[in-house]
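I have placed the structure first, in the form of structure tokens, so that the comments after it can refer back to it.
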Amino acid sequence: MPLSSRPSLCAALMALALSTTMMAPAVAAKSVERPFRPTTASGSLLAGRLAANVRDDDNAASFYAQALRSGAFKDEQARQELTNRTFIALLTSGEMDKAVTFANRVVAIDKKNPIAHLVLGIRALKARNYTKAREELAFTLDKPILQLATPLISTWTYAGAGQTKKGVVASDDISSNDGFSTFKNFSAGMMLDMAGMHDEAVTRLKDAHDRDANAVSIVDAYVRALVRAGKKDEALKVLDDYTAKIPRQPIIAALAAEIKAGKAIKPAVTTAQQGAADILVSVAAGIAKQGGADYAVVFYRLALYLEPNNATALIGLAELYSDLKQPQIAEALFKSVPTSSPLKRNAEIELATTLDELDKTDEGVAHLKKIIEANPKDLDAIISLGGIFNQRKRWDEAASAFSQAIDVIGKPSRNDWATYYYRGIAYERTKQWPKAEADFKKALELFPDQPSVLNYLGYSWIDQGMHLQEGMEMIKKAVDQRPDDGYIVDSLGWANYKLGQYDEAVEQLDRAVSLKPSDPTINDHLGDAFWKAGRKLEATFQWRHALDSKPEPDDKVKIEQKLKDGMRDTASADAGKAGTPAKAPDAAKPADAPKAPDAAPAEAPKPAETPKPVEAPKPAETPKPADAPKPADAAKPADSPKPADAAKPADTTKPAEAPKPADAPKPAETPKPAETPKPAETPKPAEPVKPAAPSNSNGG
């Protein structure tokens, strides 16, 4: 989930970031919190590594700087590597002035360091020293991740200097495939419109729009250029066509209102700094979508350095930190979105879900209720409220919220299947099966063969001993669509178990465990199946593994009882297990907020375990940036910056050897040909929102 209203650069290129040494694991761990302060240089280094590994960037920067100031690291290589680490930590924490200072130090050590030169180039661009900016950016032009972004950023240095046509020519000269032309024409069109060259701007932006009519930023820039060229009716038609596919998009709605009110329409960007920031945001969104958190943070921070109030960058970075289990940072970023931005409401909705993540659930609920009170038809806020209630197992309140959402929807479409599905879960949890069954059937009517709904309804029927054949067929159909989903495979195995097909149950449940080895319920299910199949030693092992995986309190008691006494070979023994399928995973929040209706909803919770729906739905109106095509020759970086790995104990006694390889990137190794470029992906309008974080999501 990850907001950008900008088209993104090259998903395949971003994927290469995952093979670089910059990437650190997105560890679900607590931050290293102050006032803890190490008293030795080695302790500071170790604390910095720990903070970096859990993406606590502020503390990582502080600890590394403290280690460097201590002067304890006399070995030149060790000092250089620690300097690199400090530079990256300062950059990712957003301390840009200090990061610029360290970038100069890094360049003194490594004259071709691309990240340091990128920072210095952005600093020069911010200062309107356009010649210096081009000189610095030239050091990055052959580096993966940067090799398409920085040439486009460089073209904006010409626009900033009043040499727009030269910038357009430079953009055209960038080697690319056909799909990347969408992005180049989008950038050049904005440049031309900013310079008042309306007809040329319309031509460029029309080409980009023809290639990708669903990217919000392209639609926004194209419509603005049309109005400025005196083509108001054509502009409104473009907006109407977009809204018919993707309703409630705040940027589009605000622009339409301005045009209809006869207000003067500005170009999409008014400065070279804004244009470059747009490119950085697009790069960040694309990298985040591919899982490259560290690079994404860097590009978001640089975008905000150029344009501090860029709402898209603020929301995208906030979502990224939420995914990295740093909700405190996310909260501050969501709150900093300017009130004047059309995306402020989206940020407010996401802020509420972030408060819930921080266990400030009552505050988050109150925040959403205030939004709904101001606009009782705010569907995204209502669905987000239902998502929080689902997450917190407040089923009656969840059912009420989703009912309110259904009332607002009126005549449902395919997009609305998830609202019925999640209300069905709430009804099922409150023992209102007839209502739950009706909602599951309605969800399937809206979205036939949706695997999450097939799984839930099919399992529920089998668990209740009704519609056995039809229920089994539903689950099999769900497994066919998601054969690697451990939770759905578990449902199939547990259905076999409930039908007394113990050998088949063992086969399926064993596969489910291989897909989700640490889920306590799936391991418990496999233990039961082993016992029924006469494999009692294996059953005991599996139950112990389930117990070690921290099951829910009620399940823990049942597992401990089975380890003590085994299972009774009676029907009543299974009754206690009824309705206890493996729970679904916590759904990750998307990199770009609010998403286009293309993202899949989180995996469905299994029928009788408490579902963990996706985090409260993000506003559905703002599509993700479309993925731009892959570059012709992406080099695979070997030494791009990465936060430090966790230090070994030995590091504490050998200060000079403590820092690991430098964070700053070194020259790339042998270039690796990129895959055949594809046209930019576009959000699909047909898929539904998730109830825990509104995004028009595709559940299929």
Side-chain angles (χ1 to χ4, degrees), residues 17 19-25 38 41-123 136 139-140 143-146 150 292-299 301-302 305 637-648 651 654-669:
S19 65
T20 73
T21 58
M22 181 178 178
M23 297 299 114
S42 296
S44 296
L45 177 65
L46 290 171
R49 286 177 174 173
L50 175 59
N53 281 344
V54 298
R55 288 285 11 165
D56 183 5
D57 296 321
D58 287 346
N59 277 328
S62 176
F63 292 138
Y64 282 145
Q66 181 176 329
L68 192 60
R69 285 195 304 269
S70 72
F73 300 101
K74 304 300 183 183
D75 179 80
E76 185 62 23
Q77 183 178 356
R79 284 191 60 80
Q80 291 176 2
E81 292 170 352
L82 185 52
T83 297
N84 289 341
R85 291 185 186 281
T86 307
F87 163 59
I88 293 299
L90 288 167
L91 179 56
T92 55
S93 68
E95 296 188 55
M96 300 306 298
D97 290 336
K98 292 181 181 178
V100 168
T101 299
F102 269 81
N104 282 303
R105 296 186 192 179
V106 170
V107 167
I109 297 167
D110 177 4
K111 296 186 184 302
K112 294 184 178 181
N113 186 294
I115 298 297
H117 280 295
L118 173 62
V119 170
L120 294 175
I122 296 300
R123 173 68 183 88
E136 294 290 352
F139 285 93
T140 72
K143 301 302 184 291
I145 306 304
L146 307 180
T150 52
D294 292 270
Y295 273 113
V297 170
V298 166
F299 288 122
R301 290 296 190 188
L302 289 172
Y305 183 53
D639 295 287
S640 299
K642 68 172 180 179
D645 297 325
K648 298 178 181 179
D651 290 331
K654 297 182 180 181
E657 300 175 3
K660 294 193 177 179
D663 290 313
K666 297 178 182 177
E669 295 184 353

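Quick caveat, the model's predicted, so the values are computed rather than measured.
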*asked:* What verdict does the side-chain contact (heavy atoms from CB on, under 4.5 Å) test give for Val107 and Phe87, after you've listed the backbone C-alpha separation in whole Å, the side-chain angles of each residue and the deciding distance to 0.1 Å?
replied: CA-CA 11 Å; Val107 167; Phe87 163 59; over 6 Å; no
*asked:* Is the shortest side-chain heavy-atom distance between Asp110 and Lys112 below 4.5 Å?
replied: yes
*Roughly how far, to the nearest 0.5 Å, is the CZ atom of Arg105 from the CG atom of Asn113?*
14.5 Å
*Got a second to check how far Met96's CE is from Thr101's OG1, nearest 0.5 Å?*
11.0 Å
_Contact between Leu302 and Leu91 at the side-chain level, heavy atoms closer than 4.5 Å - yes or no?_
yes
*Student check: side-chain heavy atoms of Tyr295 and Ile115 closer than 4.5 Å*: yes
*asked:* Could you measure the distance from the CG atom of Asp97 to the CD atom of Glu95? Nearest 0.5 Å is fine.
replied: 9.5 Å
*Find out whether Tyr305 and Val100 are in side-chain contact, i.e. whether some heavy atom of one side chain is under 4.5 Å from a heavy atom of the other.*
yes
*Exercise: identify the closest heavy-atom pair between Asp294 and Thr92*: O-CG2, 4.5 Å
*Could you list the residues that satisfy side-chain hydrogen bond (donor to acceptor under 3.5 Å, both in side chains) with Thr140, not counting sequence neighbours?*
Thr150
*According to the ring-ring contact (aromatic ring centres under 6.0 Å, His included) rule, which pairs have a member within residues 89-121, sequence neighbours left out?*
His117-Phe139
